[in-house]
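Quick caveat, the model's predicted, so the values are computed rather than measured. Each chain gets a letter, A, B and so on, in the order the sequences are listed, and its residues count up from 1.
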Amino acid sequence: MNFPCERISHSEEETKLIAEEFLSVLKPGDVVVLNGDLGTGKTFFIKKITEALGITKANSPTFAIVNEYESGQDTRIYHFDFYRINKVAELHDIGLEDYLADDEAITFIEWGELFPEVLPHKRYEIKIEEVSNEQRKFRFNKFT
Amino acid sequence: MIILGIETSCDETSVAVVKNDSLAANLISSQYFHKNYGGVVPELSSRAHLQIINPLVKSALEKSSIQLDDIDIISATAGPGLIGALLVGLTYAKGLSLSLNKKFVAVNHIEGHIFSGFLMKEKPEFPFICLVVSGGHTLLLLVKSFTEIYKLGSTVDDAAGEAFDKVSKLIGLGYPGGPKIQKAAEKGDPNRINFPIAELKEPYNFSFSGLKTAVLRYVQQQGGIQKIDEQHIFDIAASFQSAVIKALIQKLKKAIGNFDVKSVSIVGGVAANSLLKEKAEQLSSKYNLKLVIPSLEFCGDNAAMIAFRAKTLFENGITHDLNYKPYPSLDENSFLSL
């Protein structure tokens, strides 16, 4: 995968393949920001990535703000959702910096665009758009 | 026996005292703030827990007419939840336990909900099927005793309460989604729109993400929320609510049919939904089962259920060391006897 790039998915199966392709570029310490409207499939995409890592329990962190998963291959995943966050102070309070500083974990952030000021400069960004009912356009970008 | 319970897993700080077999105090921060600070809603943060926990414990002791040293067991939620928030309550409880030299019991938040029906006058009878439905969780369980809990299924994406909140925002009804949608649905036609109920491979699992997307798509097809008149909003709310409740009842019915149980208990914030109550009553009376739905005070996050769960753990010989760590997620094996 070369950045920036686009992928179109026509089915859940195809989304799974795109997720696996993207996973192959990820290393521990990486931060991935997912943007896209409600219902475009941000959680679904992360679920497909974590499933490829052998984690079956990934689900929406909207309520808990952050979920943590541990894969058999010793990969730790932090799965954030900024949807319910009202102000930056709450993110500091939750300890976002500490999570982001964990070099052994991959961090995913849904709705990261709501608080761009807290995102690390070095990150991947994925914008998901609904093209039609089943079709999704994924735009991948890498900031170094 | 006197048990102090502390709950700080998410937004609410709560402290409760169980004295012998009765609940002496169950204070919840939002109400406390409301009464004492003129309706200041605490922000989403562990600092808010930190600020309120000490005065809340003091108030709970006063309300129960006891001193700190009268407490026999100190308990707190260890997970699942927001790690920073959990740490506040758990560390506070451990510190209290150490300084007072009292037994410490760490409680799983979901287990607290599962047994919250026992805080009612009419209690569940073992074995029972338990449906946990809240903003953060949707689980179906077979509960054989206080130490035998079997998970049958759970949501694969969004929790039921989360679907209510997100759809409510989507159709302009606002927060909190549960009561807003219920109120709007009372004036709407639940048959106007046929929203989908997810078909899943696992018989007891739930999925609400697709339903949320279906509502979004429906709103877009009408040309956006501005183009939809009030009655139409009521109809969307009613049709959505009906789809969620149908999905919940469908799985509940399957579990009741497959396991020989004496009662059914529906717990968590969404258990306050009146349509769910009505449908669950029909279902349980058809199968001749006792139905227990805790009152509003015990449906949401509260420390009474934590203190009560600590009591049953202690009675089964379970206490914990002070090096017990909080856990953010509900691991596959984190229930007793799973």
Side-chain angles (χ1 to χ4, degrees), chain A residues 12 36-48 50-51 54-70 72 76-99 102 105 110-111 128 130-136, chain B residues 9-11 41 43-50 79-88 109 134-138 154-159 161-163 165-167 169-170 175 202 205-217 219-221 269 301 326-332 334:
Chain A
E12 292 190 355
D37 289 339
L38 209 64
T40 45
K42 296 178 292 298
T43 305
F44 186 81
F45 190 75
I46 294 168
K47 206 175 163 63
K48 290 296 137 188
T50 53
E51 277 173 8
I55 299 160
T56 55
K57 62 172 185 178
N59 56 23
S60 171
T62 303
F63 191 72
I65 312 297
V66 55
N67 287 347
E68 293 185 32
Y69 319 119
E70 202 89 39
R76 197 159 44 245
I77 305 285
Y78 299 132
H79 180 186
F80 275 87
D81 189 342
F82 287 0
Y83 182 82
R84 223 161 58 87
I85 300 290
N86 303 305
K87 52 185 179 196
V88 172
E90 294 176 352
L91 288 170
H92 293 315
D93 196 65
I94 284 161
L96 177 71
E97 294 94 334
D98 297 327
Y99 286 95
D102 187 342
E110 295 191 40
W111 293 98
I128 310 177
E130 184 176 303
V131 183
S132 68
N133 201 333
E134 290 300 320
Q135 278 187 45
R136 296 289 188 276
Chain B
S9 69
C10 207
D11 302 354
V41 179
E43 65 181 58
L44 178 71
S45 80
S46 23
R47 192 159 299 127
H49 287 299
L50 208 51
L82 197 54
I83 199 79
L86 287 167
L87 268 169
V88 174
H109 179 80
S134 68
H137 306 281
T138 305
S154 61
T155 181
V156 298
D157 41 55
D158 298 1
E162 179 181 349
D165 280 339
K166 286 187 171 168
V167 165
K169 193 170 176 186
L170 200 67
Y175 188 85
E202 299 290 330
N205 276 355
F206 303 91
S207 167
F208 295 106
S209 179
L211 174 59
K212 166 192 74 189
T213 312
V215 176
L216 174 71
R217 192 156 298 129
V219 169
Q220 285 167 345
Q221 278 163 4
D301 289 349
Y327 44 93
S329 302
L330 185 67
D331 283 323
E332 296 297 328
S334 58

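Atom NE2 of residue A/His79 and atom CD of residue A/Glu110 lie 3.5 Å apart, to the nearest 0.5 angstrom.
Heavy-atom distances place the side chain of A/Tyr99, and not its backbone, under 4.5 Å from chain B. Neither the backbone nor the side chain of B/Leu87 comes within less than 4.5 Å of any heavy atom in chain A.
Taking B/Gly135, B/Gly84, B/Gly161 one by one and counting their heavy-atom pairs under 4.5 Å with chain A, the maximum is reached by B/Gly135. In terms of non-hydrogen atom pairs under 4.5 Å with chain B, the most contact-rich of A/Asn67, A/Thr62, A/Thr43 is A/Thr62. Chain B forms more heavy-atom pairs under 4.5 Å with one residue of A/Leu38, A/Asp37, A/Val66 than with any other, namely A/Leu38. Considering only heavy-atom pairs separated by less than 4.5 Å from chain A, the leading option among B/Val156, B/Asp158, B/Thr155 is B/Val156.
Contact between B/Tyr327 and B/Leu86 at its shortest, heavy atoms only, is O-CD1, 3.6 Å.
A salt bridge links A/Glu130 with B/Arg217: at least one charged nitrogen is closer than 4.0 Å to a carboxylate oxygen.
For the pair B/Lys166 and A/Tyr83, the distance from NZ or CZ to the six-membered ring centre is under 6.0 Å and the angle to the ring normal is within 45 degrees. Judged by a 6.0 Å distance limit and a 45° cone about the ring axis, A/Arg84 is positioned over the six-membered ring of A/Phe63.
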